[in-house]
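Below: one structure, written as structure tokens.
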Number of protein chains: 2
Amino acid sequence: MATIREVARLAGVSVATVSKYLNGTKVREANARAVEEAVRALDFKPNEIARGLRKSSVMTVGVLLPELDNLFFTEIISAVDSVLEERGYSTLVCVTHSDPEREQRRLDFLRRKRIDGLIAVPTTAASDFATIAGDLPTVFVDRVVSVPPGGKCSSVLSDNFAAAYGAAEELIRAGHTRIGVLLGPDSNYTPLERRAGFLAACSLHGIGAEKLLIRSGEYSIEAGYRMTRELLRLPDPPTALFATNNELTIGSVKALAEAGITAGEGISFLGFDNRTLAEVSHPPLTVIVQPVEEIGRTAAEELLRLIDGEPGGKILHLPTETIRGASVTNPII
Amino acid sequence: MATIREVARLAGVSVATVSKYLNGTKVREANARAVEEAVRALDFKPNEIARGLRKSSVMTVGVLLPELDNLFFTEIISAVDSVLEERGYSTLVCVTHSDPEREQRRLDFLRRKRIDGLIAVPTTAASDFATIAGDLPTVFVDRVVSVPPGGKCSSVLSDNFAAAYGAAEELIRAGHTRIGVLLGPDSNYTPLERRAGFLAACSLHGIGAEKLLIRSGEYSIEAGYRMTRELLRLPDPPTALFATNNELTIGSVKALAEAGITAGEGISFLGFDNRTLAEVSHPPLTVIVQPVEEIGRTAAEELLRLIDGEPGGKILHLPTETIRGASVTNPII
DNA sequence: TCAGAAACAGAAAACGATTTCCGTATTTTC
DNA sequence: GAAAATACGGAAATCGTTTTCTGTTTCTGA
């Protein structure tokens, strides 16, 4: 592949002139023409590696996340990538499989690649910014990491508390008091927030925790399925179910279908995130959806700000949206 | 961030020694120790950019695909990434949004990054390898591109012909002769293969094309929905439906649900790809699933072979799998 | 026409690693 | 114990750009 040297020779100018012309510094008209032609003739493409070395910036941000086979994450990356690409950055994706050791290795890898910034959905639990990213501009997504005020990192996530609060109100307003809630692992941040939001709304309406049937487990289809079956088998089963994540929603829907229960008839159902499943269901499900696209965009924009040296330390909560289907109805007493 | 020079100084050796030690060449025990310690003390991480420049290989492969918000693609990337990472390669993902111009720009970008190989789901239609990738080792996924025998590229995809052939047999065996088929755009390669496979099986069983109700349109939920409604409204509607892609399947399921038709009772249904929807449906759907994980792995392995200089020119067809639910039954005459 | 200013071109020094090549230590062999 | 063989360390070249800094043109205005 042609180098800038060969272009210079063919054009009869110095490499400095070629470089300047290609980077927008003014050169003599005749030279510009000659360079242009040489570039075309040799199909010259500047070596970004050499460029990156000299400029000590490769215009790359790392993205560190648990999995690639999960639309929640990939839709976020998609938005992140759109924003970053527009500003000339490329995106280097690394998968952790939720393994802390692997996470550390991949992070090391990204640092060796001299990334300019990081977008991370960290797995490591009780971690602060410094141990994860050092002094790298970083935006955490769907996680809150202890954020030094004005430091080089921020967080972007849905307002999980408000989402669950709203969900509870939705169900209570319809007349439910005996509600089953399917939560993710207690070790994660978001399930705790969702639990807290839900409980807050309930207690405000005088519904004690003892009437609630809260279950927590993995974020998986199987867990959702299992927990739903458990709840349905209770002597006094709940009149409404709230599944707080995509996988739990899928599992729950499956269990209901198997039990011959139509959401909104035998029991009310409030799901999370899976817009498509909600639409395709009959009747359509009521679901709370996270603004994935906006989360991605916001994270990318905040990261660009951090890279530009502006202070971070923000925690950006984005509102969720409730898509009303017909799966939340009055309870049959 | 520390450089190899500072490590050398602190360890009291030359940069050559540091480099050698870190790259596995034997050095004196005492020096090894000193380097080790200096590396730790300075938290030295080799600059992969400088390294890449000198070695003229950055151990990176590009991935060029239409979208990131589609599990079919992201599951493939996931597998690709696993295989490549194990061999020390990183994956640089670029999205084309199915826009040929953008595809060209992103490809240019990847070449400037001096990637060692490419995995591509090209959008550009009638294109041959040379115009897309030049002499870059390339594996095309879910597309067949005119492959120079022994050249530096190969293709990996499902055996779409066989999949559709099998689908037709499945339905014919159950007794259906009046079958509605939902296909993707005629301008793509895979819909044509699927159509051909389906027709081949039908004609073998003496079912003329005139009895079939073949519709083609976009690969979208809306198209699937629309085409299904059209078919259901016919004076003599089909007794079975075959949706040939994930989105078409979703749209079709939605239309059926809305029409109050249960797949496998009023009408038989054969879907594609969406394992989760198939499982969660009631009754579970019979679907043909593509071996996404294996497609990804195979593509990555083939690419590694090409990068190692072995000849390409292969077209690798991987068998699909039929997951039998209860949505294909005998027709009610 | 010429001095001074402004515009531009080019040689060479970075950037941070790897690698070659040569010289010195160390070991082996008789 | 000396010569030959081997092992190892280090100076310097290299990868392909950008950028600085100096030197040369070209332009301007009286």
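In this text the structure is predicted, and so the values were computed from the model without any measurement. Below, all heavy atoms of this structure are taken into account, side chains as well, without hydrogens, waters or symmetry copies. Order of the sequence lines fixes the chain letters, A, B, ..., with proteins taken first and strands second; residue numbering starts at 1 for each chain.
- The residues B:R305 and B:E301 are annotated as not salt-bridged, no charged nitrogen and carboxylate oxygen being separated by less than 4.0 angstrom.
- Dashed line: the shortest gap from a side-chain N or O of B:S56 to OP1 or OP2 of D:dC15 is not under 4.0 Å.
- Listed pair A:N31 / C:dA9 meets the phosphate criterion, a side-chain N or O lying under 4.0 Å from OP1 or OP2.
- Between the C1' atom of C:dA17 and the CE atom of B:M59 lies a distance of 16 Å, rounded to the nearest Å.
- Between the CG atom of B:N23 and the P atom of D:dC8 there is a distance of 16 Å, given to the nearest Å.
- When distances are taken from the side chain of A:S14 to each of C:dG16, C:dG10, D:dT18, the shortest belongs to C:dG10.
- We find that CZ of A:R114 is positioned 10 Å from C1' of C:dA17, with the value rounded to whole Å.
- Cation-pi contact between A:R112 and A:F109: absent, since separation from the ring centre below 6.0 Å together with deviation from the ring axis within 45° is not met.
- If you check every strand for non-hydrogen atoms under 4.0 Å, B:Y21 touches nothing.
- Contact annotation: A:R54 does not reach the phosphate of C:dA14 (side-chain N/O to OP1 or OP2, under 4.0 Å).
- Nearest-nucleotide assignment on DNA chain C puts the 5′-proximal partner with B:L53, out of B:L53 and B:R28.
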- [ ] Mind running salt bridge (charged side-chain N to carboxylate O under 4.0 Å, His left out) on B:R9 and B:E6 for me, showing each step along the way?
- [x] CA-CA 5 Å; B:R9 186 161 348 123; B:E6 303 172 46; over 6 Å; no

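- With hydrogens and angles ignored, no donor-acceptor pair under 3.5 angstrom links the side chain of B:K26 to the base of D:dG9.
- Checked by atom type, the side-chain pair B:N160/B:T190 shows no donor-acceptor distance below 3.5 Å.
- Dashed line: the shortest gap from a side-chain N or O of B:T17 to OP1 or OP2 of D:dG10 is under 4.0 Å.
- Checking D:dT18, D:dG10, C:dA17 against the side-chain heavy atoms of B:F44 singles out C:dA17 as nearest.
- Of the candidate nucleotides D:dT17, C:dT18, C:dA11, C:dA11 has the atom nearest to the side chain of A:A16.
- What separates CG of A:L42 from P of D:dT17 is a distance of 12 Å, to the nearest Å.
- We find that CD1 of A:I49 is positioned 15 Å from P of C:dT18, with the value rounded to whole Å.
- Taking atom CD of residue B:E29 and atom P of nucleotide C:dT26, one finds them 16 Å apart after rounding to whole Å.
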Task: Verdict with supporting geometry, B:D116 and B:S57, side chain to side chain donor-acceptor pair (under 3.5 Å) - done: CA-CA 7 Å; B:D116 302 290; B:S57 156; 3.2 Å; yes

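- Each of B:K55 and A:R5 has a nearest nucleotide on DNA chain C; the 5'-most of these lies closest to A:R5.
- With DNA chain D read from its 5' end, the first of the two nearest nucleotides for B:V27 and A:L22 is the one closest to B:V27.
- Atom C1' of nucleotide D:dG16 and atom CD1 of A:I4 are separated by 8 Å, given to the nearest angstrom.
- Between the P atom of D:dG16 and the NZ atom of B:K113 lies a distance of 17 Å, rounded to the nearest Å.
- Applying the 4.0 Å criterion to OP1 and OP2 of C:dC15, one finds that B:N47 has every side-chain N and O outside that range.
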